[in-house]
Amino acid sequence: MIRELHEKLEKEEVTKEELFEEAKTLAEKYQEEFNSFVTILDEAKSKRRADSILKGIPYALKDNISTSGILTTASSNILKDYVPVYDATVYQKLKKSGAVLLGKTTLDELAMGGTGTTANTGVVRNPWNREHLIGGSSAGSASAVALGIVPFAIGSDTGDSIRKPASFGGVVGFKPTYGRISRYGLFAFASSLDHVGVFARSVEDVAIVTDIIKGEDSKDMTSLEDDGKVYAEEIKKDTTGKKLFYIKEICDIEEYPNKTEKLEKTLKEFQDLLEKCREQGFVVEEVSFDKKLLEAIYPTYMTISCAEATSNNANLTGIQFGPRGNGENIEEMMFQARTEGFSELIKRRFVLGSYILQKENQEKLYLNACRIRRLIVEKMNELLKEYDGMILPASGGGAPKFSESSEQVSDSHYILENHMVIGNFGGFPSITIPYCFDEEKMPVGVNITGRVMEDDVVLNIAYKIETLTGLKGIKAGEENV
Ligand code: GLN
């Protein structure tokens, strides 16, 4: 993990070039089977004079984050040969810290989707079992960390795109408060929901990386002033007396008419974990959350995100970037470029988005969705007055097999599969850590979401709970891959 690697580098037991070569060899070895990367770089480029803890440490960036001079495709044909001329702030900051970019990771096309199966370069497979997906959209970042290729990777999260693949990959995934990390250079999907965040194999590593990349950025108007806290220190605080709630409508097996063994096991192990939390001094209580509101999460998310995505991606015409379409005039050229350049899933979402944004539908669809979003956030804030955080399973079980997947990873338990969107609706800091294995031996994560601005508290709680799971630092073993 990061601290150990840092010490080895300091003591000159290993050089940054060796670390890079090692990571690159692994990345290449696993590429054909798992498809974590869009681009693997040839050589270690990093600042000589940096003195941060990340100096010399290899990492990966999701391929929707702008890297000047390095291909950045968002895993879409419409950007398949796009080489940006500017750096995202998160990349700049990591460069400055001396961290060494190994490569750009595969995502669901344009970060839309939750399965890791829609990249233009093919599906991403789960390191714990190749028959299973890893989830998305930050599929490659999750799998690169789960495979132990890099100690950390950067992703983006609009609905749950860091926290869901973290759950399926048996790694830690953290999305901080909205604005905590600059989004300058992240390809916008749904701007009111988009976040940059971190994957690693421990809460401490996630905290270390967040410390380096957080902070205000004059290039991103939505970025927050730095809170001046060192999360890697804050995590060690005593958590005795911290109050957590879980939602009855999500965690009670009786709520599920079509319950499966997998779900039963996940919920039972979740209760066991809560018991351990209580033994360690947490107060954990069950609360009720209006079921109508819970059921509205997914349609509300789709309405808002498709509308914003349609508008944000209107610049992908094949004129400024990407392969030019053929045609007699600009309109025909754009039509052809977009028809060829996007997959079905993307086109479906743009059709929905355009419909939602039509003047006559805006009030009924878009503005209504915004109202429901507000009601959900208000309800959450009300609960967070009394509690320090919400704790819930990140999914109803481990990753499904490719044969079982649809655009959504599970339709049958859709409140359970979609509650992490609450974190995006309200910009709440939210983290997933591994907590159990399902009956197919696939890892499952637990999610903790806290008050806006209290990233330190969420990390602190997760750091403590990580010690209770017995799964700290797990990695998909050689026997799996
Ligand atoms: N699975 C969600 C979707 O399909 C989330 C995507 C994301 O967070 N980028 O849009």
Side-chain angles (χ1 to χ4, degrees), residues 160 163-164 166-167 172-175 203 239-256 259-260 262-298 376-398 410 413-426 428-436 438 443-452 454 457-469 471:
D160 55 15
R163 295 159 293 153
K164 184 57 76 70
S167 172
V172 179
F174 177 52
K175 169 204 92 56
V203 176
T239 49
T240 311
K242 288 269 181 251
K243 290 184 79 176
L244 300 172
F245 72 89
Y246 65 94
I247 298 176
K248 176 178 188 307
E249 290 74 9
I250 294 179
C251 299
D252 184 351
I253 191 75
E254 299 310 323
E255 299 281 340
Y256 298 86
K259 51 188 168 213
T260 57
K262 192 179 194 168
L263 180 65
E264 262 178 271
K265 181 166 191 298
T266 305
L267 294 179
K268 158 88 179 55
E269 298 240 17
F270 176 68
Q271 289 302 334
D272 294 348
L273 178 68
L274 296 185
E275 223 16 72
K276 287 187 196 151
C277 290
R278 291 186 184 105
E279 282 161 17
Q280 290 298 315
F282 285 102
V283 177
V284 188
E285 289 172 354
E286 182 179 87
V287 305
S288 224
F289 202 107
D290 186 345
K291 196 147 185 196
K292 268 217 179 84
L293 282 183
L294 292 173
E295 279 167 351
I297 291 174
Y298 185 64
I376 294 168
V377 172
E378 276 170 7
K379 174 77 189 168
M380 185 71 181
N381 277 327
E382 200 185 296
L383 286 162
L384 288 173
K385 273 192 196 137
E386 194 184 333
Y387 297 93
D388 299 291
M390 167 170 88
I391 183 164
L392 289 171
S395 61
S410 163
H413 317 128
Y414 88 82
I415 301 180
L416 172 52
E417 294 299 337
N418 291 300
H419 67 78
M420 289 194 289
V421 173
I422 297 175
N424 304 73
F425 280 170
F428 303 110
S430 183
I431 189 167
T432 296
I433 63 173
Y435 86 95
C436 74
D438 72 7
V444 191
V446 63
N447 179 254
I448 300 139
T449 298
R451 298 184 194 104
V452 157
E454 294 193 355
V457 178
V458 168
L459 289 165
N460 178 213
I461 293 170
Y463 183 68
K464 180 71 191 181
I465 296 180
E466 183 183 46
T467 64
L468 311 177
T469 60
L471 298 181

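The shown structure was predicted, so the numbers you read here are calculated from the model rather than taken from an experiment.
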Exam field: side chain [X] to backbone [Y], donor-acceptor pair closer than 3.5 Å:
| X | Y | answer |
| --- | --- | --- |
| Y435 | L468 | no |
| Y298 | H419 | no |
| E466 | V203 | yes |
| D388 | K243 | yes |
| E255 | K248 | no |
| R163 | K175 | no |

With a 4.5 Å cut-off on side-chain heavy atoms, are [Y] and [X] touching?
| X | Y | answer |
| --- | --- | --- |
| L274 | F270 | yes |
| K259 | E254 | yes |
| P393 | Y246 | no |

task: Using a strict cut-off of less than 4.0 Å between a Lys/Arg side-chain nitrogen and an Asp/Glu carboxylate oxygen, indicate whether E279 and K276 qualify as a salt bridge.
output: no

query: For atom NZ of K291, is the number of surrounding heavy atoms from other residues, nucleotides or ligands below 6.0 Å larger than 12?
result: yes

- prompt: Atom CD1 of I422 and atom CG of D160: how far apart are they, to the nearest 0.5 Å?
  reply: 11.5 Å

- prompt: Are E285 and Y387 close enough that a side-chain donor and a side-chain acceptor fall under 3.5 Å?
  reply: yes

query: Side chains of S430 and N447: is there a donor and an acceptor less than 3.5 Å apart?
result: yes

- line: In short, G398 meets D438 closest at the heavy-atom pair N-OD2, 3.0 Å

